[in-house]
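Chain identifiers are assigned alphabetically (A, B, ...) following the order of the sequence lines, protein sequences preceding nucleic acid strands; residue numbering begins at 1 within each chain.
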2 protein chains.
Amino acid sequence: MELDPKNTQAVLVAQEIRTLILNGVFTPGQPLRQDALCERLNVSRTPLRHALQSLAEDGLVEVAGFKGARVAILDQGMVDDLFQMRMLLEPLALQSALPRLTKVDFAKAEMVLDAAEAEQEPSRLSQLNWDFHRALYGPSNRETLMRTIQQINTASAFAEVIANSIGARRSDSADEHRRLLEACRAGDQASASSLLTDHLRRAHVAVQ
Amino acid sequence: MELDPKNTQAVLVAQEIRTLILNGVFTPGQPLRQDALCERLNVSRTPLRHALQSLAEDGLVEVAGFKGARVAILDQGMVDDLFQMRMLLEPLALQSALPRLTKVDFAKAEMVLDAAEAEQEPSRLSQLNWDFHRALYGPSNRETLMRTIQQINTASAFAEVIANSIGARRSDSADEHRRLLEACRAGDQASASSLLTDHLRRAHVAVQ
DNA sequence: CAAAATCAGATTGGATCCAATTATGGAATT
DNA sequence: AATTCCATAATTGGATCCAATCTGATTTTG
């Protein structure tokens, strides 16, 4: 019933570069030369180019024909779009998932929150943030909706890392996550929705 | 001021395959062998693989590692997700664009509608449909929002072609488009929004 | 001297070849 | 006869090589 995780070099390299970008090793606007990345990551240009294309879809890099790839430069409009979309789509996913959430899901979400409190590295912290949200949305079983939300989350996480709000808001964000989790546990749809929207609004403001 | 259209073989081939899928030449579930496509489209496998990856992002093909690519199979849940997302995101884009719409935009939209009335081929018709919506949303200048909407529209157009609703609803859809355009011309935000939502709801129902 | 043209180097996109994985068919075994 | 096992073919992913495009400096020209 599981579809193969596709352990191909292209996706592994994409993940490596994603980590490098989220950790600030590669900064916005920085050119990403294919040969340099190949040597650094020990792969040929074929999987690397697929990785760059994949990262471009996520909005982490911008690629112009024959001109090469650069780490994406986020402007305010882009950030506004990302968070406004999240505020529309994520409550929908949460509403669909809420009636299906089980003790196991809550436990998973709580474990993720605990792990996040101990994590410092931006890339891993944003991964844990997404893991938390996914734990709550995933049981909706709405794969297409989830795919879009995940894509937007990746770019949004990038914006938070750039603005360093992911570090500055660590504690507040953790509190908001825990309150949201409790509302979900209680099955309170209205509270959960409004807590989620507030959480996203604050995250948005912190990035500006 | 224009960014290069990236006239690379990979994107040209992607467009060709997209057309073949939307026109029903390739049917859902059909395996897409790389060598066969290469011979048919007269390109090597390198740009073809990039094209397949790009189509996978659009949700038109599914690709599993080492197992090859297939034309995507749409289920009801996927269709529901697509239209529900459209109903959330497109009114937002329209609201942002409305105050900025000019005579030129309206003229463009009307030209597209006229062209659509004379068009039969599904792939071109769905392109014109998107052109119309883009004419109304584009002046919002919200590139990130537009990118997400376009992506969802591509998959949604595929669903409409499969269900043949793009043909069956041609006349109704044209009427709804013209009414929406008039509301925009009048600068009536509330009407425009509700007409758009209705339009999308009917398109959704017609696909089921 | 400024601006346009041009030429060399650097860099990306595409074609071809090789390696890794999966699918297929037949033989061996029970 | 059905099933497992294994070998071979088919297919995809990756590495390397070639072609096309861009970049930068130098030269040429007004």
**Student:** Using whole Å, what does the distance between atom P of nucleotide D/dT23 and atom NZ of A/Lys67 come to?
**Tutor:**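 Result: 7 Å.
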**Student:** Does A/Arg45 get its side chain close enough to the base of C/dG14, under 3.5 Å, for a donor-acceptor pair?
**Tutor:** no
**Student:** When you look at B/Asp105 and B/Arg134, which way does the salt bridge (Lys or Arg N to Asp or Glu O under 4.0 Å) test go after all the steps?
**Tutor:** CA-CA 10 Å; B/Asp105 297 318; B/Arg134 185 175 46 184; over 6 Å; no
**Student:** Is it true that B/Arg18 and B/Gln15 share a donor-acceptor pair across their side chains at a distance under 3.5 Å?
**Tutor:** yes
**Student:** Measuring from the side chain of B/Val43 (C-beta onward, heavy atoms only), which nucleotide among D/dA15, C/dA15, C/dT12 has the closest atom?
**Tutor:** C/dA15
**Student:** Let me know the distance between CD of B/Gln34 and C1' of D/dT11, rounded to the nearest Å.
**Tutor:** 8 Å
**Student:** How many Å lie between CZ on A/Arg70 and P on D/dT23, as a whole number?
**Tutor:**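 After rounding, the gap between these two atoms is 10 Å.
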**Student:** Mind checking whether B/Leu196 and B/Glu90 have side chains closer than 4.5 Å, heavy atoms only?
**Tutor:** yes
**Student:** Looking only at side-chain atoms of A/Ser44, point me to the closest of C/dG14, D/dA15, D/dC22.
**Tutor:** D/dA15
**Student:** Write down the distance between CZ (B/Arg33) and P (D/dA10), rounded to a whole number of angstrom.
**Tutor:**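 Interatomic distance, CZ of B/Arg33 to P of D/dA10: 12 Å.
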**Student:** For C/dG14, does the base pair up with any side-chain atom of B/Arg49 as donor and acceptor (N or O, under 3.5 Å, distance only)?
**Tutor:** no
**Student:** Over how many whole Å does the gap from B/Asp35 atom CG to D/dG13 atom P extend?
**Tutor:** 12 Å
**Student:** Checking side-chain polar atoms at under 3.5 Å, does A/Arg147 have a donor or acceptor matched by the opposite partner on A/Gln150?
**Tutor:**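 No, no side-chain donor-acceptor pair sits under 3.5 Å.
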**Student:** Please determine whether a side-chain nitrogen or oxygen atom of B/Thr8 lies at a distance below 4.0 Å from atom OP1 or OP2 of C/dT12.
**Tutor:** no
**Student:** Report the nucleotide, chosen from C/dT16, D/dA20, D/dG14, that has the shortest atom-to-atom distance to any side-chain atom of A/Thr46.
**Tutor:** D/dG14
**Student:** For the residue pair B/His133 and B/His177, categorise the inter-ring angle as parallel (less than 30°), tilted (30 to 60°) or perpendicular (more than 60°).
**Tutor:** perpendicular
**Student:** When the distance from NE2 of B/His50 to P of D/dT12 is rounded to whole Å, what number comes out?
**Tutor:** 16 Å
**Student:** Round to a whole Å and report the spacing from CG of A/Asn7 to C1' of C/dT22.
**Tutor:**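 In whole Å, C/dT22 C1' lies 15 Å from A/Asn7 CG.
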**Student:** Nearest whole angstrom, please: distance from the P of C/dA15 to the CG of B/Asn42.
**Tutor:**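 It works out to 10 Å between those atoms.
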**Student:** Can you tell me if the side-chain N/O atoms of B/Gln9 get under 4.0 Å from OP1 or OP2 in C/dA15?
**Tutor:** yes
